[in-house]
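Keep in mind it's a predicted model, so treat the numbers as computed, not measured.
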Amino acid sequence: MNSKMVTDIVSQEQNALVTKDDLKKVFVRSIPMEFTWNYERQMHMGYCYALLPVLKKLYKGEELADAMTRHMEFYNTTPFIITFPLGISAAQEENCALDPEHADKTSVSTVKTAMMGPIAGIGDSFFWGTLRILATGVGASLALQGNILGVILFLLIYNVPHFILRYMGTFLGYNLGTSFLSKLEASGSMQLLTYGASIIGLMVAGSMTAEMVYMTLNIPVGVGETATDLQTILDGILPGIMPLAVFGIVYWLLKKGVKPLPLTFILMGVGILGAALGFLM
């Protein structure tokens with residue numbers, strides 16, 4: 001390591017605004033993340049709440065309000081390693097506060113959005129698909145014998161790795177974000193990262209639409225044995241066209257100022273009426 005690299009690292013550490021205690025607060029505040037989950041923006045309030053100690057330290061007044069608004073956008077991923085994107089967001093916000101003239105604050109949202117899908121896939125498969133089953137198997141086998149250790153071991157096997165990874169993820173995300181973003185800014189590749197993250201974020205949002213929106217038409221076309229379901233015809237033209245159409249209509253109504261809660265009841269009403277009349281499945 002040459003003298004210039006040593007100087008840069010020392011200078012970066014001296015300029016750092018976010019401390020270890022701040023990151024510990026982020027870790028603690030991330031624990032009730034799921035308690036704020038809602039159907040409109042899902043984990044957005046929990047994400048902003050966890051990051052708030054860092055934001056309050058970096059910004060004041062209007063800048064703080066803008067930062068809080070930035071993290072109140074839609075967000076949803078696995079809660080067990082949510083601290084990893086939180087740490088990266090903390091590092092990005094710190095860079096924006098240290099160099100506001102050259103900061104690209106839109107990259108904060110695009111980078112964390114790009115991580116939603118990959119982190120959810122890793123976290124859900126490990127915690128829900130592996131660790132939960134292992135903990136349940138051990139705990140249930142002892143509980144069936146009337147042993148109180150069944151409950152205790154279930155909680156320990158499931159929660160000890162969870163809290164260790166959650167705690168480590170906070171600092172890993174922050175340290176990775178700080179060093180990685182500094183290298184990108186020095187090489188001039190920050191715009192490429194932002195552009196790539198935007199593309200991945202749009203892909204994640206699009207795939208979520210296809211997976212989370214369900215609508216199947218039960219309308220026959222033709223008579224007798226030659227009759228074909230309209231849904232089959234539409235799927236032959238473009239699979240998933242009905243969820244896409246529903247998403248487009250809802251998005252258009254939201255842009256027109258219709259509130260999410262009335263929209264939810266409208267969709268519920270259409271679904272119940274369609275199922276009762278038989279043209280929706």
Looking at every heavy atom in both [X] and [Y], which two are closest together, and how far apart are they?
X      : Y      : answer
Ala90  : Leu58  : O-CD1, 4.5 Å
Ala120 : Thr77  : N-OG1, 3.2 Å
Cys96  : Tyr59  : CB-OH, 3.4 Å
Leu234 : Ile241 : CB-CG2, 3.7 Å
Thr36  : Gly46  : OG1-N, 3.0 Å

Could you check Asn159, Ile81, Ile31, Val28 and say which one makes a side-chain contact (heavy atoms from CB on, under 4.5 Å) with Arg166?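 So the option named by the test is Ile31.
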
Linked, directly or transitively: Tyr75 and Trp37 (ILVMFWY side chains, under 4.5 Å):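 Both belong to a single hydrophobic cluster.
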
Describe, in one word, how the ring planes of Tyr158 and His162 are oriented to each other, choosing from parallel (under 30°), tilted (30 to 60°) and perpendicular (over 60°).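 Tilted.
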
Counting C-beta onward and ignoring hydrogens, is there a side-chain heavy-atom pair between [X] and [Y] closer than 4.5 Å?
X      : Y      : answer
Glu93  : Arg70  : yes
Phe74  : Thr113 : no
Leu64  : Lys56  : yes
Tyr47  : Glu73  : no
Asp66  : Lys105 : no
Phe84  : Leu172 : yes
Phe127 : Leu165 : yes
Ile266 : Leu253 : no

Looking at [atom1] of [X] and [atom2] of [Y], how far apart are the two atoms once the value is rounded to the nearest 0.5 Å?
X      : Y      : atom1 : atom2 : answer
Asp22  : Glu94  : CG    : CD    : 9.0 Å
Leu280 : Met242 : CG    : CE    : 8.0 Å
Leu23  : Thr83  : CG    : OG1   : 10.0 Å
Leu244 : Ile249 : CG    : CD1   : 10.0 Å
Met43  : Thr78  : CE    : OG1   : 7.5 Å
Thr136 : Leu153 : OG1   : CG    : 12.0 Å

Under 6.0 Å from the [atom1] atom of [X], do we count more than 12 heavy atoms belonging to anything else shown?
X      : atom1 : answer
Met45  : CE    : yes
Phe279 : CZ    : yes
Lys57  : NZ    : yes

Candidates Arg41, His44, Gln42 - the one meeting side-chain hydrogen bond (donor to acceptor under 3.5 Å, both in side chains) with Asn76: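 Filter result, single survivor: Gln42.
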
Is a donor on one side and an acceptor on the other found under 3.5 Å between the side chain of Ser109 and the backbone of Thr106?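 No: the side chain of Ser109 does not pair with the backbone of Thr106.
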
